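Here is the structure we will look at, set down as structure tokens.
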Number of protein chains: 2
Amino acid sequence: MNYSINETSQLTGLSKYTLRYYEKEKVIPEVKRDSRGYRVYTEQDIEWLTFLLNIRQTGMPISKIKQFSQMRFKTETIPARRQMLLEHKESIIKQEERLKKSMVAIDAKIKRYEHYVQLQAEQNP
Amino acid sequence: MNYSINETSQLTGLSKYTLRYYEKEKVIPEVKRDSRGYRVYTEQDIEWLTFLLNIRQTGMPISKIKQFSQMRFKTETIPARRQMLLEHKESIIKQEERLKKSMVAIDAKIKRYEHYVQLQAEQNP
DNA sequence: ATACCGCTTAGAGTGCGCTATAATGCAAGG
DNA sequence: CCTTGCATTATAGCGCACTCTAAGCGGTAT
């Protein structure tokens, strides 16, 4: 199945601007065109975009995604791609730890606030 | 205990530029000065900065941190502050979910890569 | 025929969060 | 007294990731 830029935008959540920008900046390989020169995205293009979006949304910078993405059609790059993903996994684990730490601090603060409100209520019953 | 901008920078990990920028932009309240006009950070300032950094590093935008921080010395703002933190907690939970989803996709991709490498090795033993 | 729609491109602009520069000041050490 | 060294300010610049504008083209509808 093939998709227009509009459909692709809706399927991925990326704006049309962003889809064109990604192609111009070689974050994704060149997309096929129809007779009018319009972009035609394949199912595989969508899948690739979706995967890239996954790593994008978890903080991989565009420059690295570009590196990763440019290896797409070369099977000999599989070890390098695997390595990049392993490193990104590490970064995700660090982010999870960051979120947990922050959660603890926030919970403590919320408790202090609630404790304060409680005391106020007791003093003015 | 009091701290110079240099010490504060080291304690918090924020650059001196950033510390001045936060103050100029009212992300933190005005810091006391010594006789020469140099900034003097108190223990409480450090604690506040550390907390702000916690919410900053988990994605709260500077504009919101500014709102939050400007309520610091008004006890009647405690319910509003609590509410902001509850909302930020929600955002952290969403981020955790995002990370988990991404992790699953990455793990699947890594497995596919390893499976591919495995097959290659079997064909050329 | 002409108006409109959706796409195309190159290139300019935006928002965020810093980061750096330039000019100046003050105070302690040689 | 003068240099060194750290601070101060206002203001400019940067990197990232988009986001938008302007000008133009091709196919369909009136």
Side-chain angles (χ1 to χ4, degrees), chain A residues 2-42 45-46 48-70 88 91 95 98 102, chain B residues 2-42 45 49-70 88 91 95 98 102:
Chain A
N2 290 332
Y3 304 93
S4 71
I5 194 166
N6 228 330
E7 291 164 335
T8 305
S9 169
Q10 303 213 304
L11 283 168
T12 61
L14 293 164
S15 76
K16 292 191 263 180
Y17 295 139
T18 304
L19 286 168
R20 294 192 195 103
Y21 158 76
Y22 277 6
E23 197 176 341
K24 187 165 60 176
E25 297 296 316
K26 301 186 188 305
V27 175
I28 52 171
E30 282 198 357
V31 174
K32 276 176 212 137
R33 305 304 179 103
D34 68 10
S35 58
R36 293 168 301 180
Y38 288 16
R39 284 171 181 79
V40 177
Y41 294 84
T42 66
D45 288 337
I46 306 285
W48 190 249
L49 270 170
T50 304
F51 184 72
L52 295 186
L53 204 55
N54 254 307
I55 56 180
R56 175 79 205 90
Q57 287 175 337
T58 51
M60 187 183 286
I62 291 292
S63 57
K64 273 206 175 174
I65 293 178
K66 189 174 156 178
Q67 274 182 53
F68 180 83
S69 187
Q70 287 182 347
H88 189 56
S91 127
Q95 289 181 63
R98 182 96 276 298
S102 198
Chain B
N2 290 333
Y3 303 94
S4 70
I5 193 165
N6 232 329
E7 291 164 336
T8 305
S9 169
Q10 303 214 303
L11 283 169
T12 60
L14 294 164
S15 76
K16 291 191 264 179
Y17 294 140
T18 304
L19 287 168
R20 294 194 194 102
Y21 159 76
Y22 277 6
E23 196 175 342
K24 187 167 59 177
E25 297 297 316
K26 301 186 189 304
V27 175
I28 52 173
E30 282 199 355
V31 174
K32 276 175 210 136
R33 303 304 179 105
D34 67 11
S35 58
R36 293 168 300 179
Y38 288 15
R39 285 171 181 79
V40 176
Y41 294 84
T42 67
D45 287 338
L49 269 169
T50 304
F51 184 73
L52 295 186
L53 204 55
N54 253 308
I55 56 180
R56 174 81 205 87
Q57 287 174 338
T58 51
M60 188 183 284
I62 292 291
S63 57
K64 272 206 174 172
I65 293 178
K66 188 174 157 177
Q67 275 181 52
F68 180 83
S69 188
Q70 287 182 347
H88 189 57
S91 128
Q95 290 180 62
R98 181 95 279 297
S102 199

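A note on names: the letters A, B, ... follow the listed sequences, proteins ahead of strands, and every chain is numbered from 1. Please read all numbers here as calculations on a predicted model, not as lab measurements.
A distance-only check finds a donor-acceptor pair linking the side chain of B/Glu23 to the backbone of B/Val31 [under 3.5 Å]. B/Ser102 contributes no side-chain N or O that, together with a main-chain N or O of A/Thr58, makes up a donor-acceptor pair within less than 3.5 Å. With hydrogens and angles ignored, the 3.5 Å screen pairs no side-chain donor or acceptor of B/Asn54 with any backbone N or O of B/Phe51. Under a 3.5 Å cut-off, the side chain of A/Thr8 and the backbone N or O of A/Ser4 do form a donor-acceptor pair. In this structure a side-chain-to-backbone donor-acceptor pair under 3.5 Å is missing from B/Gln57 to A/Arg98. For A/Thr12 (side chain) and A/Thr50 (main-chain N/O), no donor-acceptor pair under 3.5 Å exists by modelled atom type.
Whole-Å rounding puts the A/Glu23 CD to D/dT19 C1' distance at 17 Å. The distance between atom CD1 of A/Ile65 and atom P of D/dC16, rounded to the nearest whole Å, is 13 Å. Atom CG in B/Leu52 sits about 12 Å away from atom P in C/dC18, given to the nearest Å. As a whole-Å value, the separation of B/Glu25 CD from C/dC16 P is 11 Å. Residue A/Asp34 contributes atom CG, which lies 15 Å from atom P of C/dG6 at whole-angstrom precision. One atom, NZ of A/Lys26, and another, P of D/dC18, lie 18 Å apart when rounded to the nearest Å. Following rounding to the nearest Å, A/Met60 (CE) and D/dC16 (P) show an atom-to-atom distance of 15 Å. The separation between A/Lys66 atom NZ and D/dC18 atom P is 14 Å, rounded to whole Å.
Among D/dA17, C/dG11, C/dT9, the nucleotide with an atom closest to any side-chain atom of A/Arg33 is C/dT9.
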Produce a footprint string for nucleotides 22-30 of chain C: one letter per nucleotide, 5' end first; B if the base is under 4.0 Å from any protein heavy atom, S if only the sugar-phosphate is, - if neither. ---B-S---
Check the pair B/Lys16 / B/Tyr21 against side chain to side chain contact (heavy atoms under 4.5 Å, CB included), numbers first and verdict last. CA-CA 8 Å; B/Lys16 291 191 264 179; B/Tyr21 159 76; over 6 Å; no
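With ring centers used as reference points, A/Trp48 lies under 6.0 Å from A/Phe68.
One finds a side-chain N or O of A/Arg39 lying less than 4.0 angstrom from the OP1 or OP2 phosphate oxygen of C/dT9.
Minimum heavy-atom separation, B/Ile5 to B/Tyr41: CA-CE1, 3.7 Å.
Across residues 4-22 of chain A, A/Tyr17, A/Thr18, A/Tyr21, A/Tyr22 each have a non-hydrogen atom less than 4.0 Å from an atom of DNA chain D (numbered order).
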